[in-house]
Number of protein chains: 2
Amino acid sequence: MAHGGKTRPMKGIRQLAEHLDISIGTVSRALNGKPDVNEETRKRVLAAAEQLGYVANQSGRSLRQGTTNVIGLMIQSSRETVENSDNFFLTVTGGLQSVFSRHKLDLIMLPCPHDEDPYEYLKRMVARRIVDALIISETQRVDKRFDLLAKAKIPFAALGRSLSGTQHPWADLDFDGVANAAVDRLVAHGHRRIAVSAPSSDINLGFIFVDGYRRALERHGIDYDPALVIRAKSSEQGGYQVADELLRLENGPTAVILIYELMAIGFYRRVMEAGIIPGRDIAVVSFREAPRAKFLQPALTCFRTSVHDLGVELAEILLSSMPAYSHEYPRKARQTVWPLELIPGESDAFQLTVKK
Amino acid sequence: MAHGGKTRPMKGIRQLAEHLDISIGTVSRALNGKPDVNEETRKRVLAAAEQLGYVANQSGRSLRQGTTNVIGLMIQSSRETVENSDNFFLTVTGGLQSVFSRHKLDLIMLPCPHDEDPYEYLKRMVARRIVDALIISETQRVDKRFDLLAKAKIPFAALGRSLSGTQHPWADLDFDGVANAAVDRLVAHGHRRIAVSAPSSDINLGFIFVDGYRRALERHGIDYDPALVIRAKSSEQGGYQVADELLRLENGPTAVILIYELMAIGFYRRVMEAGIIPGRDIAVVSFREAPRAKFLQPALTCFRTSVHDLGVELAEILLSSMPAYSHEYPRKARQTVWPLELIPGESDAFQLTVKK
DNA sequence: CATAGTATCGTAAACGTTTACGGAGCGCGT
DNA sequence: ACGCGCTCCGTAAACGTTTACGATACTATG
């Protein structure tokens, strides 16, 4: 042994042990609630740790036991997402945390920079072993990230379904069902020319939504008219543009289904510029992400849900796929389609007299 | 045995070294760009690492060199914050990242759970040594967290000023200036009874804003009337409530300064219910956080800024206080008051005829 | 040829934890 | 006395890196 007795490197379990005149192994066991340690000494150790403000260094800890007690939530803060997502992610975060904190798991958010490839970013984060498990958001229709995670054997759950190879856990809003119910409702009111707006079908959401719409039309024996499907951004501006395009059609719709509430603001504005009044001349139905458009006149008919509770569900799905926690969350379904609730407003509250 | 074409899961630098038949030390030096390694072998190492997908384990790395290359952004996702902050944090994140990524620093968000004490949460995160430095947001008027960080010698910068002991770096929106300019503008239009709304003065922001308002009044020789200061939440509902309270006054204001654009929505709604029209019967001025209320009629006069650029500024302030980067960001001022720009609308565009 | 200098690389010691293992003390039954 | 089972604790070996240090081979110089 060639090292001399240098004085305090300031921190560490070693110092705590010296201060207590106990071996470092015992101190560690005491702190971690291991069985073979005298209750008396355990109390002493905990007291001293508290008093000296000792908290185990995470690097050493996770190096040894290969675990960090941290769950990551990956988000891609693309310009567009940021502009339009309101507080979706922060709200989900609240739901996730309410579950994780019960298990002393911390949640951190991993925002992929605008200019970096999400796949590479995730790869880096995974290799660094900074998290034990991951929540993946903004899933693509085909998403390489899932294969990466599966191969790396990192437990994960996705916010939003995907077609990608691995049969992974996810929770998703029931946009399929929303489109369906919206069509049903509008058809019941006599509408047959119903427009729909959604993002590009590369985004799985855009695909699902229009697909649900399409199948609902089929069910009602209504022909699918591609001209009535408008791909637009899920923003106020997108809504304005949707209205604009629809106004140009010679055989326009009598009703429209918007995928985001925010779009309704722009949509209202544009049609009213043309002297068309929502709820009287055209029916409008939407999904409500956040209660932003409360002030719209006439009140928007929309589908809503608790995003917080969706976060709770997603957290439980994730934990049920992690060996260390799965016994507490036994579940058969690892994939959940989260229901939405219809909030009737005035924007579609008129019966279309059968014309033509 | 420098062959074996199959890519098997990569365990660590040791395996990479064996695969290359080079010592582990050399591999490490090659990867980290250290000088004393042959360019030839460096290329081989980098190629092999790329091909086998090797990325250094962060635990081992940071255990050894005491650094993580990660910067944390702490946010308190309280219910109220989430409801009203729009995408403030995600937008700031974008600005921060655009600077950090130039230095190969990753940004993670540390959302303090609703039910946990922010101080304790931060303490835990710091002790775990999961980040090299921190951005602190939602600063309190007096905020123990700064003392904690100063004592732990963790570099940090705050989003929002504070009174706390340590002379720490921060960047803050110029709410003081907004209140000032708003009063000036309104006074120039003939107003003398001007109401203001802000959050509780425990929140430093609430204090600063009203203080600026107060001093501006003083400058114009107008008496400060506590009845015209309404403490309210920075939400649509808060705005509604502000209007409600002001309407009850027998000697009401002719103008009002709202701290958040979102409040204007509720404010408009309430006063219009009473037959009062903004921009004709009462002047309204606000700070615009996000362009949400574009649709308001008449258009809202407000102060805006680029929150993204504020993030950039804050990141630079932080880096300039970190020894490893400070040479790249030499600056004298470690504290920045971020200016806002007036966007004239119609909501205050009328000249008050001198009455009384 | 001897020596010094230089470029490149291997060796091993850290970093702070957890944990497998074994040992000391003790009580108790044979 | 002996063995056995407890309970408690100390020792030391990992975990995956980085890096100080020394070793080796080669080059240049005398």
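The analysis underlying the following values was restricted to heavy atoms, covering all of them including side chains, and did not include hydrogens, waters or symmetry mates. Per chain, numbering begins at 1; letters A, B, ... match sequence-line order.
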Show the distances under 3.5 angstrom between N or O atoms of the protein and N or O atoms of nucleotides 23-25 of chain C.
none

Ring-plane angle category for A:Tyr325 and A:His103, please: parallel below 30°, perpendicular beyond 60°, tilted otherwise. perpendicular

I want to check something: taking the side chain as every heavy atom from C-beta on, are A:Arg161 and A:Asn204 in contact at a cut-off of under 4.5 Å? yes

Donor-acceptor check, side chain of B:Arg124 to backbone of A:Val55, threshold 3.5 angstrom: yes or no? no

Members of residues 60-70 of chain A that approach DNA chain C, where some heavy atom sits under 4.0 Å away: A:Gly60, A:Arg61, A:Arg64, A:Gln65

Separation of C:dG16 atom C1' from B:Arg129 atom CZ, nearest Å, is 12 Å

Taking the side chain as every heavy atom from C-beta outward, state whether A:Phe89 and B:Leu90 have any pair of such atoms under 4.5 Å apart. yes

Output one line per pair: protein atom, nucleotide atom from nucleotides 9-12 of chain C, and distance, for all N/O pairs under 3.5 Å.
from   : atom 1 : to      : atom 2 : distance (Å)
C:dC9  : OP2    : B:Asn38 : N      : 2.9
C:dC9  : OP2    : B:Thr41 : OG1    : 3.1
C:dC9  : N4     : B:Asp36 : OD2    : 3.3
C:dG10 : OP2    : B:Ser23 : N      : 2.7
C:dG10 : OP2    : B:Ser23 : OG     : 2.8
C:dG10 : OP2    : B:Thr26 : OG1    : 2.9
C:dG10 : N7     : B:Arg29 : NH2    : 3.0
C:dG10 : O6     : B:Arg29 : NH1    : 2.9
C:dG10 : O6     : B:Arg29 : NH2    : 3.4

For A:Thr67 and A:Asp132, which I'm curious about, is there any donor-acceptor pair between the side chains at under 3.5 Å? yes

A:Ser59-B:Ser62 side chain donor-acceptor pair, cut-off 3.5 Å: yes

Considering just the side-chain nitrogens and oxygens of B:Lys34, establish if one lies under 4.0 Å of OP1 or OP2 belonging to D:dT19. yes

In whole angstrom, give the distance that lies between atom CG of A:Leu20 and atom P of D:dC8. 17 Å

Please check: side-chain N/O of B:Arg334 versus main-chain N/O of B:Gln167, any donor-acceptor pairing under 3.5 Å? no

Proximal nucleotide (of C:dT18, C:dG16, D:dT17) relative to the B:Tyr54 side chain: D:dT17

Rounded to the nearest Å, what distance is computed from the CG atom of residue A:Leu31 to the P atom of nucleotide D:dC9? 13 Å

For D:dC15, does OP1 or OP2 lie under 4.0 Å from any side-chain N or O of B:Asn57? no

Nearest-Å distance for atom pair CD1/C1', residues A:Ile13 and C:dT19: 12 Å

Surrounding CZ of B:Arg129 (heavy atoms of other residues, nucleotides or ligands, distance under 6.0 Å), is the total greater than 12? no

Min side-chain heavy-atom separation A:Ile136-A:His168 under 4.5 Å: no

Select from B:Arg14 and A:Pro35 the residue whose nearest nucleotide in DNA chain D is closer to the 5' end of that strand. A:Pro35

Okay, side chain of B:Gln97, backbone of A:Pro111: is any donor-acceptor separation there less than 3.5 Å? yes

Under 3.5 Å, side chain of B:Ser137 to main-chain N/O of B:Met74, donor-acceptor pair present? yes

What contact category does B:Ser59 fall into here, base, sugar-phosphate, or nothing, at under 4.0 angstrom with non-hydrogen atoms? nothing

